[in-house]
Amino acid sequence: MTVLYLFGSAAPPVLGIGAVIEDAQRCGFDVCLGLTPTAARWLEPQVAELERLTGHPVRSEYKTPGTADAWPKADVVLFAPATFNSINSWALGITGSFVVGVCAEGIGKGIPMVTMPCVNAAYAQHRALARSVAELRGMGVSVLYGDDGFQPNQPGESREFPWRLALDEVERAAGARDQYT
């Protein structure tokens with residue numbers, strides 16, 4: 001079974017992550033869920049159910065050195081929704097959060113990476129976001145943003161998050177990796 005690390009940060013689409021896990025499992029993925037600290041607080045009431053659903057602990061913190069990893073090794077990573085802060089931190093290599101650290105290291109390990117930012121139109125105007133998206137794409141990360149993915153909404157408005165697009169790209173990335181391993 002292909003192991004998918006599904007990472008989410010604190011944006012409204014993370015609240016429906018259980019359905020995304022089920023969709024990924026129907027596609028044949030063994031899903032391990034990781035969250036930024038704020039997303040973990042948002043989902044705290046759901047953690048037991050999410051752990052039952054995945055069969056793995058939900059993680060939001062680095063493990064203690066010397067302890068065994070509770071997750072199998074990743075075959076592919078999807079970081080969605082990825083906030084302005086997470087995208088910029090990842091592109092700059094600022095690994096203060098567990099999920100950003102795993103993503104930064106995963107690039108060096110050659111793990112296929114897919115991300116879909118979830119930012120509003122005000123954040124999208126900040127030049128750091130465009131630089132970070134370009135930087136991640138330059139490192140081989142599939143960034144589903146703009147015409148090819150998530151399109152920013154106005155502040156305070158919400159729109160459907162294109163999870164199916166993200167899962168389709170994860171399937172493509174995992175399939176491409178399988179061809180070369």
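Because the structure is predicted, anything quoted here is derived from the model rather than measured. The chain is numbered in sequence order, starting from 1.
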Subject >> Path from Leu92 to Ile87 over hydrophobic side-chain contacts below 4.5 Å >> reply: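 Leu92 does not cluster with Ile87.
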Original post:
If you group Ile, Leu, Val, Met, Phe, Trp and Tyr by side-chain heavy-atom gaps below 4.5 Å, do Ile94 and Val77 land in one group?
Top reply: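 Looking at the clustering, Val77 is in a separate group from Ile94.
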Original post:
Will you find, in the side chains of Asn88 and Ser132, an N or O donor that is under 3.5 Å from an N or O acceptor?
Top reply: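 Result is yes, a qualifying pair exists.
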Reported [atom1]-to-[atom2] distance for the pair [X] and [Y], which is rounded to 0.5 angstrom:
{"X": "Ser142", "Y": "Phe79", "atom1": "OG", "atom2": "CZ", "value": "15.0 Å"}
{"X": "Leu53", "Y": "Gln46", "atom1": "CG", "atom2": "CD", "value": "10.5 Å"}
{"X": "Leu4", "Y": "Asp75", "atom1": "CG", "atom2": "CG", "value": "9.0 Å"}
{"X": "Ile17", "Y": "Leu35", "atom1": "CD1", "atom2": "CG", "value": "7.0 Å"}
{"X": "Tyr123", "Y": "Asn85", "atom1": "OH", "atom2": "CG", "value": "8.5 Å"}
{"X": "Leu6", "Y": "Leu167", "atom1": "CG", "atom2": "CG", "value": "8.0 Å"}

Original post:
Would you call Glu169 and Arg164 a salt bridge, taking side-chain N to carboxylate O under 4.0 Å as the test?
Top reply: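 No, Glu169 and Arg164 are not salt-bridged.
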Subject >> Cationic N near anionic O, under 4.0 Å, Glu44 to Arg41 >> reply: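 No, no charged N to carboxylate O under 4.0 Å.
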Original post:
Stepwise, does the side-chain contact (heavy atoms from CB on, under 4.5 Å) test hold for Leu50 with Ile21?
Top reply: CA-CA 9 Å; Leu50 293 168; Ile21 292 167; 3.8 Å; yes
Original post:
Hey, mind stepping through Glu171 and Phe29 against side-chain contact (heavy atoms from CB on, under 4.5 Å) and telling me if it holds?
Top reply: CA-CA 9 Å; Glu171 288 182 294; Phe29 291 103; 3.8 Å; yes
Where is the tightest heavy-atom contact between [X] and [Y], given as atom of each residue plus distance?
{"X": "Pro81", "Y": "Trp163", "value": "CD-CH2, 3.6 Å"}
{"X": "Met113", "Y": "Trp90", "value": "SD-CZ2, 4.0 Å"}
{"X": "Pro57", "Y": "Trp71", "value": "O-NE1, 2.9 Å"}
{"X": "Lys73", "Y": "Val3", "value": "O-CB, 3.4 Å"}
{"X": "Asn153", "Y": "Arg159", "value": "N-NH1, 3.9 Å"}
{"X": "Leu129", "Y": "Val119", "value": "CD2-CG2, 3.7 Å"}

Subject >> Over 12 foreign heavy atoms within 6.0 Å of CD, Glu49 >> reply: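 Check passes, neighbour count above 12.
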Original post:
Does atom CD of Glu22 have more than 12 heavy-atom neighbours from other groups under 6.0 Å away?
Top reply: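 More than 12 heavy atoms, drawn from other residues, nucleotides or ligands, come within 6.0 Å of this atom.
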Is [Y] close to [X] at the side-chain level, that is, under 4.5 Å between some pair of heavy atoms?
{"X": "Pro12", "Y": "Ser158", "answer": "no"}
{"X": "Tyr145", "Y": "Pro152", "answer": "yes"}
{"X": "Val99", "Y": "Ser9", "answer": "no"}

Using modelled atom types only, decide if a donor and an acceptor are shared between the side chain of [X] and the backbone of [Y] within a distance under 3.5 Å.
{"X": "Glu51", "Y": "His56", "result": "no"}
{"X": "Arg137", "Y": "Val143", "result": "yes"}
{"X": "Glu135", "Y": "Ala91", "result": "no"}
{"X": "Ser86", "Y": "Ala82", "result": "no"}

Original post:
According to the interplanar angle, ranging from 0 to 90°, do the rings of Tyr5 and Phe7 count as parallel (below 30°), tilted (30 to 60°) or perpendicular (above 60°)?
Top reply: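 The rings of Tyr5 and Phe7 sit tilted, inter-plane angle from 30° to 60°.
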Subject >> Any residue meeting side chain to side chain contact (heavy atoms under 4.5 Å, CB included) with Thr95, in chain and number order, not counting sequence neighbours >> reply: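 Thr95 satisfies side chain to side chain contact (heavy atoms under 4.5 Å, CB included) with Tyr62, Ala104 only.
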**OP:** Kindly determine whether Asp69 and Lys63 satisfy side-chain contact (heavy atoms from CB on, under 4.5 Å), including the steps that lead there.
**Re:** CA-CA 7 Å; Asp69 201 328; Lys63 67 181 185 71; 4.3 Å; yes
Subject >> Non-neighbouring partners of Ser60 that pass side chain to side chain donor-acceptor pair (under 3.5 Å), sequence neighbours left out >> reply: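 Side chain to side chain donor-acceptor pair (under 3.5 Å) list for Ser60, sorted by chain: empty.
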